[in-house]
Amino acid sequence: MARIVMKFGGTSVADLDRIRNVAQRVKREVEAGHEVAVVVSAMSGVTNQLVKWCQELSPLYDAREYDTVVATGEQVTIGLLAIALQTVGVDARSWQGWQVPVRTDNAHGQARVDSIEGALLIERMQMGQVPVVAGFQGIGPDNRVTTLGRGGSDLSAVAIAAAVKADRCDIYTDVDGVYTTDPRIVPRARKLERISYEEMLELASVGAKVLQTRSVELAMKQRVRVQVLSSFEDKPGSLVVDEDEIVEQPIVSGIAYSRDEAKVTLRSVPDRPGIAASVFGPLSAANVNVDMIVQNIGADGSTDMTFTLGRSDLPRARDLLEKQQEAIGFQALIADPDVAKISVVGIGMRTHAGVASTMFKTLSEKGINIQVISTSEIKVSVLVSADYTELAVRALHTAYGLDGPEPARRGEA
């Protein structure tokens with residue numbers, strides 16, 4: 001008997017038939033003798049609609065009221081799934097984030113989990129009841145509802161798995177595992193049987209949408225074994241595990257991309273100590289996450305500063321910086337939302353040279369201009385025009401030898 005946390009994303013609970021399918025999967029684990037808790041997202045498309053309503057009312061909405069609105073999607077799903085489980089003979093009860101409770105900081109819209117009290121959930125699981133917990137939700141220090149950011153249900157699931165000391169956290173989604181890149185762009189992408197926490201963290205942070213970045217961070221910290229599986233097919237998934245459990249360590253494990261990027265350039269910034277703090281301090285205080293940063297060397301006492309951030313954060317960042325223009329001293333702000341970040345990731349990079357040069361050469365041969373470069377120990381990322389996203393991903397996937405066999409055409413064996 002094992003203790004398992006099962007998480008189902010929005011496409012897995014998109015309608016009543018899919019919710020019934022989830023109920024059958026949960027029932028199967030319960031009948032196998034396992035203690036089970038379930039974490040669910042809002043039904044597919046619901047959160048996007050809720051966000052859109054907030055944005056249409058005010059692009060600079062109050063983040064606390066935004067959380068009040070968008071957290072409602074998960075409340076609907078937990079109630080429906082609890083009813084579906086009861087209908088098939090499984091004792092189940094719905095739990096909102098504040099009922100667990102999932103305690104967070106007060107960074108509304110991007111709250112971080114401070115603690116989860118797992119004792120009550122464990123008690124119910126030991127009694128044979130299945131807790132159905134709303135992902136994405138928490139409760140802040142002021143007892144207001146908070147949300148954990150897009151993909152936050154993954155973080156909820158991993159955090160709950162850690163809190164109840166689960167043997168495994170199964171993430172059910174619309175793909176059957178972690179691939180070397182997006183199979184919709186590269187049909188010859190291969191599914192990885194295992195991938196290290198560190199590689200998965202890098203892939204998630206640079207655009208791979210299989211798992212939310214912070215969920216992988218927490219899984220690595222708490223050593224929660226995570227399995228990515230399909231909600232719609234009974235196939236083996238991909239395990240996210242310690243590096244020690246991976247026998248062969250390829251130089252490059254995957255290619256990730258993100259179209260949700262925007263580039264900001266501040267022209268003629270005074271080249272003096274403290275200028276970076278005056279630019280990025282207000283952004284940090286507003287919970288705007290900045291990624292790639294490049295500062296040029298100026299000859300006239302000024303410099304150009306370029307950085308990237310999430311496209312959805314661009315209006316807020318622009319507003320903040322323009323209000324600080326006189327204090328910072330830059331002459332102009334130029335924003336470009338039509339960019340994409342392409343990244344190659346692999347733990348084998350630690351011991352192999354030439355990964356970056358292969359990337360640069362491959363992109364050059366395809367006529368793709370690199371705007372910004374960023375590196376870490378196991379990752380190289382570049383910023384390119386969004387128009388070249390798919391071409392870049394396909395070319396790099398081939399260049400690093402990641403292509404699998406040609407997929408069989410429909411009707412072929």
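Keep in mind that what you see is a predicted model, and the values were worked out from it rather than measured.
- Nearest heavy atoms, Val345 versus Lys379: CG2-CG, 4.0 Å.
- Thr306 has its side chain within reach of Lys263: a pair of non-hydrogen atoms, C-beta onward, lies under 4.5 Å apart.
- Side-chain contact between Met125 and Val36 is absent, with no heavy-atom pair separated by less than 4.5 Å.
- A salt bridge links Asp242 to Arg223: at least one charged side-chain nitrogen sits closer than 4.0 Å to a carboxylate oxygen.
- Between Val133 and Ile78, every side-chain heavy-atom pair lies at or beyond the 4.5 Å cut-off.
- Between Lys235 and Asp176 there is a salt bridge, since at least one side-chain N of the basic residue sits less than 4.0 Å from a carboxylate O of the acidic one.
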#### Entry: Test side chain to side chain contact (heavy atoms under 4.5 Å, CB included) applied to Gln371 and Val384, step by step
CA-CA 6 Å; Gln371 300 179 20; Val384 302; 5.6 Å; no
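- For the atom pair CG of Leu60 and SG of Cys54, the computed distance is 12.5 Å after rounding to the nearest 0.5 Å.
- Closest approach of Ala111 and Asp105 over heavy atoms only: CA-OD1, 3.4 Å.
- Of the possible polar contacts, one joining the His34 side chain to the Ala2 backbone as a donor-acceptor pair under 3.5 Å is found.
- The pair Glu261-Arg311 does not meet the salt-bridge criterion, since no charged nitrogen lies less than 4.0 angstrom from a carboxylate oxygen.
- Comment: Arg20 engages Asp17 in a salt bridge, judged by a side-chain N to carboxylate O separation of less than 4.0 angstrom.
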### Message
What verdict does the side chain to side chain contact (heavy atoms under 4.5 Å, CB included) test give for Thr146 and Ile139, after you've listed the backbone C-alpha separation in whole Å, the side-chain angles of each residue and the deciding distance to 0.1 Å?
### Response
CA-CA 5 Å; Thr146 57; Ile139 183 167; 5.6 Å; no
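- Side-chain contact, Glu193 with Ser238: no donor N or O sits under 3.5 Å from an acceptor N or O.
- By the 4.0 Å N-to-carboxylate-O rule, Glu243 lies too far from Arg194 to be salt-bridged with it.
- A salt bridge is absent between Asp114 and Arg112; no separation between the charged side-chain nitrogens and carboxylate oxygens falls under 4.0 Å.
- Using modelled atom types, one finds no donor on one side chain facing an acceptor on the other under 3.5 Å when comparing Ser374 with Ser381.
- A side-chain donor-acceptor contact under 3.5 Å links Asn48 and Arg150.
- Taking the six-membered ring where the residue is Trp, the centroids of Phe232 and Tyr172 are separated by 6.0 Å or more.
- Here Lys341 pairs with Asp291 in a salt bridge; the nearest charged N to carboxylate O distance falls below 4.0 Å.
- Counting heavy atoms from C-beta on, the side chains of Phe307 and Val294 never come closer than 4.5 Å.
- Distance CG/Leu402 to CG/Leu192: 8.5 Å, rounded to 0.5 Å.
- Environment of CZ in Arg18: crowded, with over 12 heavy atoms of neighbouring residues, nucleotides or ligands closer than 6.0 Å.
- Because its NZ or CZ atom is not both nearer than 6.0 Å to the ring centre of Phe8 and within 45° of the ring axis, Arg25 does not count as a cation-pi partner of that residue.
- Using a 4.5 Å cut-off on side-chain heavy atoms (C-beta onward), Arg103 and Ile116 make no contact.
- What you find for Ser153 and Val39 is that their closest heavy atoms are O-CG1, 3.9 Å.
- Using a 4.5 Å cut-off on side-chain heavy atoms (C-beta onward), Leu148 and Val113 make contact.
- Glu35 places no side-chain N or O within donor-acceptor distance of the main-chain N or O of Arg3, the cut-off being under 3.5 Å.
- Annotation: the span from Thr173 atom OG1 to Lys7 atom NZ amounts to 6.0 Å, rounded to 0.5 Å.
- A salt bridge links Asp234 with Arg28; the closest basic N to acidic carboxylate O contact falls under 4.0 Å.
- Under the 3.5 Å distance criterion, the side-chain polar atoms of Asp67 are matched with a main-chain donor or acceptor of Gly109.
- Taking a cutoff of 4.0 Å between a charged side-chain nitrogen and a carboxylate oxygen, Lys221 and Glu217 do not qualify as a salt bridge.
- Screening Leu203, Val355, Thr181 against Val344 for a side chain to side chain contact (heavy atoms under 4.5 Å, CB included) leaves a single residue, Val355.
- Here the side chain of Gln137 pairs a donor or acceptor atom with the backbone of Ala71 at under 3.5 angstrom.
- Val186 and His397 make their closest contact through CG1-ND1, 3.7 Å (heavy atoms, listed as atom of the first residue, atom of the second, distance).
- A donor-acceptor contact under 3.5 angstrom links the side chains of Asp403 and Thr398, judged on distance only.
- In terms of heavy-atom proximity, Val5 sits nearest to Ala157 at CG1-O, 3.8 Å.
- Val22 and Ser12 make their closest contact through CG2-O, 3.4 Å (heavy atoms, listed as atom of the first residue, atom of the second, distance).
- To the nearest 0.5 angstrom, Leu218 atom CG is 12.5 Å from Thr213 atom OG1.
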### Task
Under the side chain to side chain contact (heavy atoms under 4.5 Å, CB included) rule, what do Val76 and Val46 come out as? Steps first, then yes or no, please.
CA-CA 10 Å; Val76 172; Val46 168; over 6 Å; no
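- Heavy-atom neighbours of Glu56 CD from other residues, nucleotides or ligands within 6.0 Å: above the threshold of 12.
- Partners of Gln110 by side-chain hydrogen bond (donor to acceptor under 3.5 Å, both in side chains), not counting sequence neighbours: none found.
- Side-chain N or O atoms of Gln212 include one that pairs as donor or acceptor with a backbone N or O of Ser215 at under 3.5 Å.
- Contact check on Glu198 versus Arg350 returns a salt bridge, with a Lys/Arg side-chain nitrogen under 4.0 Å from an Asp/Glu carboxylate oxygen.
- Using modelled atom types, no side-chain atom of Arg225 and backbone atom of Cys169 make a donor-acceptor pair closer than 3.5 Å.
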Can you give me every donor-acceptor pair (side chain of residues 357-365, partner residue at least two apart or in another chain, under 3.5 Å) with its distance?
| residue | atom | partner | partner atom | Å |
| --- | --- | --- | --- | --- |
| Ser357 | OG | Gly354 | O | 3.0 |
| Thr358 | OG1 | Gly354 | O | 2.9 |
| Thr362 | OG1 | Thr358 | O | 2.7 |

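- Partners of Ser196 under the side-chain hydrogen bond (donor to acceptor under 3.5 Å, both in side chains) rule, at least two apart in sequence or in another chain, are Glu199.
- Judged by distance alone, with hydrogens and angles left aside, the side-chain atoms of Lys27 form a donor-acceptor pair with the main-chain N or O of Val88 at under 3.5 Å.
- When side chains are defined from C-beta on, Leu239 does not count as touching Val226, because their heavy atoms never get closer than 4.5 Å.
- Heavy-atom contacts from other residues, nucleotides or ligands closer than 6.0 Å to CZ of Arg259 number more than 12.
- Thr77 places a side-chain N or O within donor-acceptor distance of the main-chain N or O of Ser41, the cut-off being under 3.5 Å.
- The number of heavy atoms from other shown groups lying within 6.0 Å of OH (Tyr388) does not exceed 12.
- Checked by atom type and distance alone, the side chain of Glu74 pairs as donor or acceptor with a backbone atom of Ala42 at under 3.5 Å.
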### Message
Show, in sequence, the C-alpha distance, side-chain angles and deciding distance for His108 and Arg144, and conclude whether the side chain to side chain contact (heavy atoms under 4.5 Å, CB included) test is met.
### Response
CA-CA 9 Å; His108 287 274; Arg144 291 198 65 88; 4.1 Å; yes
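- Expressed to the nearest 0.5 Å, how far CD1 of Ile171 lies from CG of Leu229 amounts to 9.0 Å.
- Atom CG of residue Asp319 and atom CD of residue Gln324 lie 10.5 Å apart, to the nearest 0.5 angstrom.
- A donor-acceptor contact shorter than 3.5 Å links the side chain of Gln325 to the backbone of Phe330.
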